[in-house]
There are 2 protein chains.
Amino acid sequence: MPARVKRLSRTESVAQTRTRLLDAAEEVFAEHGFGATTLERIAERAGYTRGAVYANFASKDDLFLAVLDRWLDDDIEHGGRINAESPSVRDAFDRLRELPGNRFADRNRFLLLTEFRLYALRNPEVAPRLAEYERRGIAWYTDAIRARAADLPVPAEQLAAIVLAMENGIATLAHVAPDTVRHDAFVDALEMLTGLR
Amino acid sequence: MPARVKRLSRTESVAQTRTRLLDAAEEVFAEHGFGATTLERIAERAGYTRGAVYANFASKDDLFLAVLDRWLDDDIEHGGRINAESPSVRDAFDRLRELPGNRFADRNRFLLLTEFRLYALRNPEVAPRLAEYERRGIAWYTDAIRARAADLPVPAEQLAAIVLAMENGIATLAHVAPDTVRHDAFVDALEMLTGLR
DNA sequence: GTCTATACGAAGATAGAC
DNA sequence: GTCTATCTTCGTATAGAC
């Protein structure tokens, strides 16, 4: 009866390789884009060779989609936490400023999401996953708005879409023209619009 | 003294080839992205072979940058016209609705601009060109706002950046999740914020 | 399960014909 | 100036060793 311990550690080891490959892939896809990233670079970054990649994923597209699915799930989970932990509007804004000011302020995070969207726009079979992600983003803001404001002059969903659009748009401008727009211009705008300033 | 006419037509022919190649490149880069487009496809779409491409451009990057520069110039010129031809806010909004509702509603237009931005983010030497483009976009809205509103509670530039961000963000959502967000949600938002509705 | 070696195709770039 | 042919590099994917 050789080692129950060993079977477990083997399983963990496999999972670890997969995780490392996904982590590396996430970085490299963000840095170079889908088209320009090579599986060689991903394997190297993860500390393996291409063989390990093909042992875990069927193809480059398959790996990309695995990265995409994991990322979208994590993001939605993370967003839910922020909302639940911020009882007042003031709290939510303060939390937001720590991010800093915009969920998409992190360069790689922004690049990766942009890659996902481009991929979805060019691969119709993937489009529904991204559309669902955007819907959840709007739903997230809709909840946040409804929980803190009553008697809105317009539907909460409409405001939510505008807020999400602003968050995305300001992140875009701040990344491309950092000397002109700052990431926390998003919180500034929210405070201005809600009259909290 | 053989044919002044002929020299001219030769010059025009050269310019025409260049223009056709740029037009084709603009389409193909938008459809497939920088990484996945091949010079073969571009040449084919323009009705030439790769030889014609290399006769007119030094490399794939050189061609991409030529497309980028022409596009940015045209866009700025076009934007200026819309502003000058719309005396009232109502007129400007009506013009906008014809676009329809968002300057980036055209799929290829949106994809191409996104490619430009990604390229700029990954190629520091190109970044200033895109940053300048974003600045001009903000300047454009700043002028539009100043010309139609007095005694603003916040700097016109700040509002302009927010409006431009909204335009970009709504276009993004509308492209990725067309069943959830419509392109003219941008004009809706502007009308709501300006109290014109 | 991971690595090494390799097959295979694709695409950027160049050279020479016209 | 444009085309055809070719060189060369590179990257995906596979096969077989360990």
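Naming convention: chains lettered A, B, ... in sequence-line order (proteins, then strands); numbering from 1 in each chain. Being a predicted model, the structure only gives us computed values, none of them experimental.
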May I have the distance from [X] (atom [atom1]) to [N] (atom [atom2]), rounded to whole angstrom?
X	N	atom1	atom2	value
A:F57	D:dT14	CZ	C1'	18 Å
B:R20	D:dG1	CZ	P	16 Å
A:R41	D:dT12	CZ	P	12 Å
B:E44	C:dG12	CD	P	13 Å
A:L39	D:dT12	CG	C1'	7 Å
A:L63	D:dT12	CG	C1'	13 Å
B:K60	C:dA10	NZ	C1'	11 Å
A:H32	D:dG11	NE2	C1'	14 Å

Residues which pass side chain to side chain contact (heavy atoms under 4.5 Å, CB included) with A:T180, listed by chain and number, not counting sequence neighbours: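 Here the qualifying residues are A:A177, B:R135, B:I138.
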If the threshold is 4.0 Å, N to carboxylate O, is there a salt bridge linking B:D23 and B:R70?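 B:R70 and B:D23: salt-bridged.
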Just by distance, do the side chain of B:R103 and the backbone of B:L99 share a donor-acceptor pair under 3.5 Å?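 No, B:R103 side chain to B:L99 backbone: no donor-acceptor pair under 3.5 Å.
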Keeping B:H175 on the side-chain end and A:R117 on the backbone end, is there a donor-acceptor pair under 3.5 Å?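 Checked: no pair found.
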Given [options], the nucleotide with the shortest approach to the side chain of [X]:
X	options	value
A:N56	D:dT12, D:dT2, C:dT2	C:dT2
B:Y54	D:dT2, D:dT12, C:dT14	C:dT14
A:T17	C:dG1, C:dT2, D:dG1	C:dT2

Under 3.5 Å, which protein N or O atoms sit close to an N or O of nucleotides 3-5 of chain C? Give each pair with its distance.
residue, atom, partner, partner atom, Å
C:dC3, OP2, A:T49, N, 2.9
C:dC3, OP2, A:T49, OG1, 2.8
C:dC3, O5', A:T49, OG1, 3.4

Does the structure place the NZ or CZ of B:K60 under 6.0 Å from the centre of the six-membered ring of B:F34, at an angle of no more than 45° from the ring's axis?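 Flagged: B:K60 positioned over aromatic ring of B:F34.
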Show me the side-chain donor-acceptor pairs of residues 153-165 of chain A shorter than 3.5 Å, one per line, residues at least two apart or across chains.
residue, atom, partner, partner atom, Å
A:E157, OE2, A:R146, NH2, 2.9

B:P100 side chain near B:R182 side chain, heavy-atom distance below 4.5 Å: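 They are not in side-chain contact.
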